[in-house]
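In what follows, chains carry the letters A, B, and so on, assigned in the order in which the sequence lines appear, proteins first and then strands, with residues in each chain numbered from 1.
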Amino acid sequence: MNEKESKSPSNFIRSIIEEDLRTGRWEGRVHTRFPPEPNGFLHIGHAKSICLNFGIAADYNGLCNLRFDDTNPLKEEQTYIDAIMEDVRWLGFDWGDRLYYASDYFEQLYEYALKLIRDGKAYVDDLSAEQIRQYRGTLKEPGRESPYRNRSVEENLDLFERMRAGEFEEGSKVLRARIDMAAPNLNLRDPVMYRVLYATHPRTGDRWCIYPTYDFTHGQSDSIEGITHSLCTLEFEDHRPLYDWFLDNLEIYHPRQIEFARLNLTRTVMSKRKLLRLVEEGHVSGWDDPRMPTLSGLRRRGYTPESIRNFCERIGISKKDSTVDIAFLEHCVREDLNRRAPRVMAVLRPLRVVLENYPEDRVEELEAVNNPEDEAMGTRKVPFSKVLYIERDDFMEEPPKKFYRLAPGREVRLRYAYYVKCNDVIKDENTGQVVELRCTYDPETRGGWAPDGRKVKATLHWVSARHALSAEVRLYDHLFASDHPEEAADGTDFGSVLNPDSLETLTDCKLEPSLESAKPGDRLQFERLGYFCVDPLDSRPGRLVFNRTVTLRDTWAKIRKAGKK
RNA sequence: UGGGGUGUCGUCAAGUGGUAAGACACGGGCCUUUGGAGCCCGCAUUCGGAGGUUCGAAUCCUCCCACCCCAGCCA
């Protein structure tokens, strides 16, 4: 346990649990749950909660349930249920045989409601939604009691049973808890427990036409499952008195609700409503667009589950509203991929290079290291020949001070190959664009070392033209240009805050031939460029498509940017 | 005086009366066949503010200030 403790940073929830363990509050048990509503896809904010709940269960020898909070058939769908399970599994967590649905408890919940009615603690109200709102009062003024508040137990029982039987129209009646219309906490002003909804539920079909609200469902579901610590986000803090009230008045097992701050990330939005809008308004290709902060989007982008878990572990848990710099998430994938991703050479924006002194038909197989961080990953052979492609960005006709790549008259190293020197620049007659470089290579420098000890300032990646594979590469960047789009996007059009360059598609990229066998989902480092993965959906043999997960740290880009200021 | 929360480095975040961890970001250096990776150094005399208690306070008390959440038959 000590190792695990040092791995998971201390936080106030763990302190509470350790205190509970010390005092024997739950007979030494720790039992959590992850309770998503199946009305959308999981995002990195959910990952924080998943890692918290499953992580705590694992560290304290406890259990964590997966429970769908499916009490609103108007918004919930089976496709979301399926996607959520896939995402939780992909993240690396296992709920064993403890897959539950709040809808499994509908009958029990109904019984609970009956008890409250019998005890005079719940009543059927005929007020309309609009009237209930008016009767609720305001933040500063108390509410008024409904004229139906004092119906007899018998009448309430009869009405509630008939609500279930489908005798009343949608919206015509609700079941309410009889608490206190003058409570300063609005949640206690006779909250609605049941509403009439003639909707088909993804799991219970048309068996029910009354559905319990979140407040009347969540705590009791926790209770039924024997949850010890019910972890949720800050906005439910005001609901805790109600959570406690139902459990106390039902006189059933009473878990402890603890609230923590949800995750916000710079340059992205996290609310399901806004994510849905991005999808519906076509700003992205879907919930799994690689620019989305959804788990399916991050997966398609090439993020590893390990890096996301590590990120969630390291951002910590607190009650403070906070926004984590997305650079930290990116740091976490780089760190992981640096150790695991095989290196490979790919030229994204090809510039033709002809080695004038290299024999026409000669081909050499040069040895390249697969991962300098892991010798066990071995080496491979890369073909080299007279005509090559290098990156357009690696050549400048008039290089500025700190640019030390290729330029006229300059010598650089081609990785794992030879030193080459640029003699001539060939341009398009009409456009003036550089179309080809005429270079010479030094046969003495095979492998990249000069026997005379002569040094070279840059090493470039390259691909042999004759052997090159063509591919499409999608360069992804932050979806939003602003650090805090959540605020900017409120009420306005996304247009003003979206990053117009969040996706750049390159269709004529050149790859070394070893990539022939790349499989969907494979993650690689394109040397000097970044980490890329084979798109799981669009890539096919002979028509490869890669997604850029994240760039490498780019010192040159930083120098360039600083120079422009 | 509606109620409930939160305020420690640019951003996260430890710290629970004994004299401010760590990470990211940023800046500088070393090293380098990825301007990658790695390594080293720097980066809060101060904890929203003001008082007070104490030998000693980010931690306790008082007052103040700022920000977030709540008036769905959403969760």
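Partners of A:Tyr135 by ring pair (Phe, Tyr, Trp, His ring centres under 6.0 Å), not counting sequence neighbours: none found. Remark: A:Arg349 engages A:Glu504 in a salt bridge (charged side-chain N to carboxylate O under 4.0 Å, His left out) (not counting sequence neighbours). Residues satisfying the ring pair (Phe, Tyr, Trp, His ring centres under 6.0 Å) criterion with A:Trp245, sequence neighbours excluded, are absent altogether. Every residue two or more places apart in sequence or in another chain that forms a side chain to side chain contact (heavy atoms under 4.5 Å, CB included) with A:Pro400 is listed here: A:Met396, A:Phe403, A:Trp556. For A:Glu76, there are no salt bridge (charged side-chain N to carboxylate O under 4.0 Å, His left out) partners at least two apart in sequence or on another chain. Take A:Asp325 and apply the salt bridge (charged side-chain N to carboxylate O under 4.0 Å, His left out) test, not counting sequence neighbours, and it matches no residue.
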Atom pairs under 3.5 Å, N or O on each side, protein against nucleotides 22-29 of chain B: can you list them with distances?
unit_1 : atom_1 : unit_2   : atom_2 : d
B:A23  : O2'    : A:Arg314 : NH1    : 3.4

Are any protein N/O atoms closer than 3.5 Å to N/O atoms in nucleotides 3-7 of chain B? If there are, list each pair with its distance.
unit_1 : atom_1 : unit_2   : atom_2 : d
B:G3   : N2     : A:Asp238 : OD1    : 3.3
B:G3   : N2     : A:Asp238 : OD2    : 2.7
B:G4   : O2'    : A:Asp238 : OD1    : 3.3
B:G5   : O2'    : A:Glu237 : OE1    : 3.3

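Comparing atom distances between the A:Leu552 side chain and each of B:G36, B:A75, B:A71 picks out B:G36 as nearest.
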(request) Quick one: do A:Asp69 and A:Tyr101 satisfy side chain to side chain donor-acceptor pair (under 3.5 Å)? Show the steps, please. (result) CA-CA 6 Å; A:Asp69 224 325; A:Tyr101 295 83; over 6 Å; no

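Side chain A:Arg405 to base B:G35: a donor-acceptor pair is found below 3.5 Å.
Annotation: salt bridge (Lys or Arg N to Asp or Glu O under 4.0 Å) contacts involving residues 135-147 of chain A, sequence neighbours excluded, comprise A:Glu145-A:Arg149.
Each of A:Ala261 and A:Glu373 lies near RNA chain B, and the nucleotide nearest A:Ala261 is the one positioned closer to the 5' end.
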